[in-house]
Structure formats: C-alpha cells, structure tokens
Amino acid sequence: MQPQAFIFDLDGVITDTAEFHYLAWKQIGEELGIPVDRELNEQLKGVSRLESLERILSASPRPLSLSDAEKEQLATRKNNHYRELIEAIRPSDILPGITELIEAIQASKLRIALGSASKNATFVLDKLGLTEAFEYIVDPGRIAFGKPHPETFLNAADVLGVPYAACIGVEDSEAGIEAINQAGMFSVGVGAPAFLHEANYLVPDTSRLKLDEILKAYLNIT
Ligand code: BG6
Ligand code: MG
C-alpha cells in the first residue's frame with residue numbers, strides 16, 4: 001500500500017516540551033516527597049495529565065491517599081508550572097529536522113495530522129508557528145482512551161479519511177509507539193531502543209528523520 005498520511009506526536013517530537021513536562025512533574029514530586037527521575041518519566045511520556053499523576057502517586061515510597069479533588073488540584077498546579085515553562089517557546093524551538101520533514105511531506109502531497117495527548121497542543125503549535133501545517137489536530141478532550149490505546153491515532157485517520165495501514169505515526173514515547181502499532185499503522189520512533197524497540201523504524205533523534213528513509217522502511221514492511 002502507498003502511504004497517505006503522517007500523524008505526529010507533539011511533545012518530544014516536534015519540540016522538546018517533553019522536558020518541560022518532566023520538570024513540572026519533578027517539582028510536584030518534590031512537594032509530595034516522591035522522586036520523579038528520568039526512568040519514571042519514560043512511563044509518563046505520551047500519557048494524559050491525570051494518568052501521569054496516578055503513575056507518580058504509585059511510585060510514592062509511603063502510602064498516600066488523595067481525594068479526586070486533591071488530585072485535580074495537583075494536576076492543575078503541574079499544568080500551571082508547565083504553562084510558565086512553555087510561555088517563552090518560539091519557532092526556533094522546533095527540533096532539528098522537523099521543519100524539513102514537514103516540508104518534504106507537504107511536497108509529496110501526503111497529509112499531516114497531529115495526534116498529541118496534550119490539552120496544551122494548540123497553544124504550543126501556535127507558539128511554534130506550525131498550526132497551519134496540520135490539516136487536523138486531534139482534540140484530546142474528545143478522546144475516551146489515551147495512549148497506549150490507539151484511539152488518538154484512529155481518530156486522526158478517520159477524520160482524514162485515510163486507511164489505518166496507509167498512516168505513519170511518529171512518536172517519542174513507549175505508550176505512543178504501542179498506540180500506533182495497535183492502530184495498525186507504521187510506527188516511527190524517535191529515541192532510545194531501550195524504550196522504543198517496538199517501533200517499526202527507529203531513529204535516535206529528530207535530525208535523523210528523513211522522508212525518503214521513512215518511506216523506504218514503510219514500503220519494505222507493508
Ligand atoms: C503528552 C505528553 O504529549 O501530553 C505527556 O507526552 C503529557 O507528558 C500529556 O502528560 C498531557 O499533556 P497536558 O499538556 O494536557 O498536561
Ligand atoms: Mg511525546
């Protein structure tokens with residue numbers, strides 16, 4: 001089958017906001033006496049705000065019992081930290097190779113959607129000056145099951161009207177790669193094999209994302 005669409009993750013793929021999510025959770029962790037290190041953070045990538053909080057609370061060295069209202073408050077505080085951290089981002093914060101990749105995809109007349117779990121995604125895209133590049137942006141508020149469930153990617157393909165097998169998903173998270181694979185799409189991972197070994201095609205960083213190489217790998221597998 002010929003590929004027809006790319007569905008991109010945002011945080012950690014288009015720009016390095018994954019780091020800001022990490023720093024904001026780390027601060028909440030410090031307030032709660034729960035160490036949030038980079039290993040735990042890998043389990044938070046791609047995962048919704050409240051589910052991330054649940055995973056952090058499960059890592060608590062002492063039993064914690066918080067009400068739903070307290071959890072909501074913590075999640076809101078995390079988001080406030082995060083919003084401060086992303087306030088200054090600008091087009092120069094687009095990760096290396098991404099602008100070129102998007103231009104190459106557009107020149108090849110392939111479609112482009114965004115499949116982020118973040119409720120801040122449209123804000124970040126605006127800051128980066130990239131909103132126009134995406135034909136469709138999944139609204140995580142309307143997704144019942146977050147990554148690793150495939151719904152985010154299935155929704156993007158359904159709205160574009162593209163068969164799942166003709167979609168290529170790009171992700172930096174373990175949960176995201178699982179979601180793409182479960183959707184029956186071709187998965188491109190950006191990051192370390194330790195976490196992303198299930199990806200159909202893996203590069204160590206965004207500067208290595210080249211359209212012709214990705215398409216070659218896609219055509220070899222499908
Ligand atoms: C994902 C991030 O893109 O969005 C996660 O990888 C984050 O770290 C999730 O928890 C939800 O983001 P937000 O901005 O809605 O809290
Ligand atoms: Mg990500």
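Read the numbers this way: they start at 1 and go in the same order the structure lists the ligands and their atoms. Heavy atoms only: backbone and side chains are in, while hydrogens, waters and symmetry mates are out.
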Side-chain ion pair, R55 and E51, N-O less than 4.0 Å: yes
Heavy-atom nearest neighbour in the protein, as seen from atom 9 (C) of ligand 1, with distance rounded to 0.1 Å: V47 O, 3.2 Å
Ring geometry between H21 and Y82 (parallel below 30°, tilted from 30 to 60°, perpendicular above 60°): parallel
Shortest protein contact, atom 11 (C) of ligand 1 (heavy atom only): A117 O, 3.5 Å
Ligand 1 N/O within reach of W25 N/O, cut-off under 3.5 Å: no
Residue and atom name of the nearest protein heavy atom (relative to atom 6 (O) of ligand 1), distance in Å to one decimal: G46 N, 2.8 Å
S116 heavy atom under 4.0 Å from ligand 1: yes
Nearest-0.5 Å distance that lies between atom CG in N200 and atom CD1 in I221: 4.5 Å
Expected output: side-chain S52 to main-chain V47 donor-acceptor under 3.5 Å: yes
Short side-chain to backbone donor-acceptor contact, E151 and F145, under 3.5 Å: yes
Under 3.5 Å donor-acceptor, E84 side chain and H81 backbone: no
Close approach, S52 and ligand 1, non-hydrogen under 4.0 angstrom: yes
Atom 1 (C) of ligand 1 - nearest protein heavy atom and its distance: D11 OD2, 3.4 Å
Any N/O pair N79/ligand 1 closer than 3.5 Å: no
Nearest-contact summary for atom 15 (O) of ligand 1 - protein heavy atom, Å: K119 N, 2.7 Å
Polar proximity ligand 1 side, R49 side, N/O cut 3.5 Å exclusive: yes
Any side-chain heavy-atom pair of D158 and Y136 under 4.5 Å: no
Protein N/O/S atoms closer than 2.8 Å to the Mg ion (ligand 2): D9 OD2, D11 O, D172 OD1
4.0 Å heavy-atom contact, L44 with ligand 1: yes
